[in-house]
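Structure record follows, encoded as structure tokens.
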Amino acid sequence: MLIQIFGHIRRLRVPTHDFSLSRDTGNTRCLSGLLLLFLLQVAFADAQQAISFQEMKGFPTAEQGIEKGVSACFAGCLDHSLIIAGGCNFPDRPPQEGGRKKYYQGIYAAVLDGSTQLVWKEVGQLPAPCAYGVSLQTRNGIICIGGNNAEERLRDAFVIQFANNKATTAALPSLPQPMDNFAGAIEGSKVYVYSDREAWELDLENANAGWKPILQRNETRVQPVGGVADGQFCVWGGYSPKSATAHATLNMDGFACTPSGSSPLSTPEMDGEKVFLGGSASINLGADSILVVGGVNKDIFLKALNNPPEGYMLHTPEWYRFNPHLFIYSRKRWHHVASSPLAARAGTTLARQGNNIYAVGGELKPGVRLPNVLRITFRQ
């Protein structure tokens with residue numbers, strides 16, 4: 001078994017394009033450590049002792065209301081700093097009391113020095129207030145795609161670049177249509193998105209060609225998660241909203257985009273029951289390994305979509321049973337690697353530096369944001 005484990009690590013494919021995930025020597029060693037821990041867990045079922053969770057202190061304050069926490073922001077790690085941008089919350093009153101959602105525009109940076117305290121500085125501005133887009137961390141910047149705000153759904157795509165404590169944005173080709181609450185991933189120079197019923201691809205080495213359609217499916221998927229495995233763009237979860245003629249439904253399955261269409265993918269399970277990957281967050285740990293964190297409970301969420309019970313927004317966070325689980329998809333299989341109440345959040349955004357994953361904000365319960373960052377450490 002150990003021979004197979006180490007053989008798999010040696011066979012990892014590593015993208016080399018400038019917009020691929022950071023591959024400096026330190027991160028490569030940490031990435032190998034991440035996957036080794038995962039594979040050892042498969043062999044010995046001991047990951048709970050190899051993964052730690054730490055709520056970090058400090059959240060941005062430069063924009064009025066943002067100090068109360070946001071969900072659905074952009075995020076990534078650049079130049080030894082955690083970068084977050086945009087996001088939304090209900091800063092004045094909760095939604096059940098008529099509170100209005102606010103969207104944010106600032107770009108913030110905090111140096112990652114190993115401590116649990118984050119000191120934030122506003123280092124730039126997004127082109128517009130934005131939340132519910134996709135952000136993809138690369139060596140040279142954070143690719144930000146789509147989203148929405150109080151006025152419109154967005155088609156924007158751009159790269160946040162960070163140097164000398166200043167963030168700037170550089171435009172990429174606009175999306176073919178507005179997108180929010182969708183999935184995205186990157187492998188090498190190829191950027192993928194899946195919104196509603198369609199998958200699109202942008203080749204950064206030929207960006208002038210714009211976004212090209214690569215797949216169309218029949219079902220609607222709002223808030224899916226995605227990643228790249230085995231060289232294919234993979235998508236799971238999401239829901240189809242309620243309409244005048246049909247109830248809302250949950251998409252429990254997943255699929256991979258292939259040259260001939262799509263192929264089905266397995267679904268994570270806990271105690272013999274499928275886990276819904278809606279409201280979850282995902283990030284590639286390597287070219288063929290995808291981490292998924294948190295999300296909503298399928299039974300409670302489906303009832304809320306179709307016929308929310310009286311007082312639905314008034315319960316304690318525990319009542320909503322957000323998923324506290326971490327899953328890794330690798331080698332065509334799902335593996336449950338850890339659980340923690342701190343991971344029971346929806347709408348968070350993930351960033352990675354070495355063997356640390358940072359879950360930024362998110363919802364503690366519907367309408368209530370978390371003003372913190374959760375550090376998930378895969379110990380070597």
Rounded distance (nearest 0.5 Å) linking atom CG of Leu364 with atom CG of Leu370: 5.0 Å
Kindly give the heavy-atom pair with the smallest separation between Val134 and Ala183, and that separation in Å. CG2-C, 3.9 Å
Could you tell me if the side chain of Glu187 sits less than 4.5 Å from the side chain of Phe233, heavy atoms only? no
Nearest 0.5 angstrom please: Arg375 CZ to Ser115 OG, how far? 7.0 Å
If you measure from CG on Leu82 to CH2 on Trp120, what distance do you get to the nearest 0.5 Å? 4.0 Å
Could you go step by step and tell me if Glu63 and Lys102 meet the salt bridge (Lys or Arg N to Asp or Glu O under 4.0 Å) rule? CA-CA 11 Å; Glu63 296 172 276; Lys102 182 176 180 179; over 6 Å; no
Got more than 12 heavy atoms from elsewhere within 6.0 Å of NZ, Lys166? no
Linking I/L/V/M/F/W/Y whenever any side-chain heavy atoms sit under 4.5 Å apart, do Val123 and Val119 land together? no
Under 4.5 Å between side-chain heavy atoms, counting indirect links through other Ile/Leu/Val/Met/Phe/Trp/Tyr residues: same cluster for Phe327 and Tyr329 or not? yes
Correct closest heavy-atom pair for Val292 and Ser282 would be CG2-CB, 4.0 Å
Any chance you could lay out the salt bridge (Lys or Arg N to Asp or Glu O under 4.0 Å) test for Asp253 and Arg221, step after step, and finish with the verdict? CA-CA 11 Å; Asp253 64 332; Arg221 290 179 185 252; 2.8 Å; yes
ILVMFWY network linking Tyr239 to Val275, side-chain heavy atoms under 4.5 angstrom: no
Gln177 atom CD, over 12 foreign heavy atoms within 6.0 Å: yes
Give a yes or no on this: more than 12 heavy atoms of other residues, nucleotides or ligands lie within 6.0 Å of atom NE2 of His247. no
Taking all non-hydrogen atoms of both residues into account, name the closest pair between Pro60 and Ile84 and its distance. CG-CD1, 3.7 Å
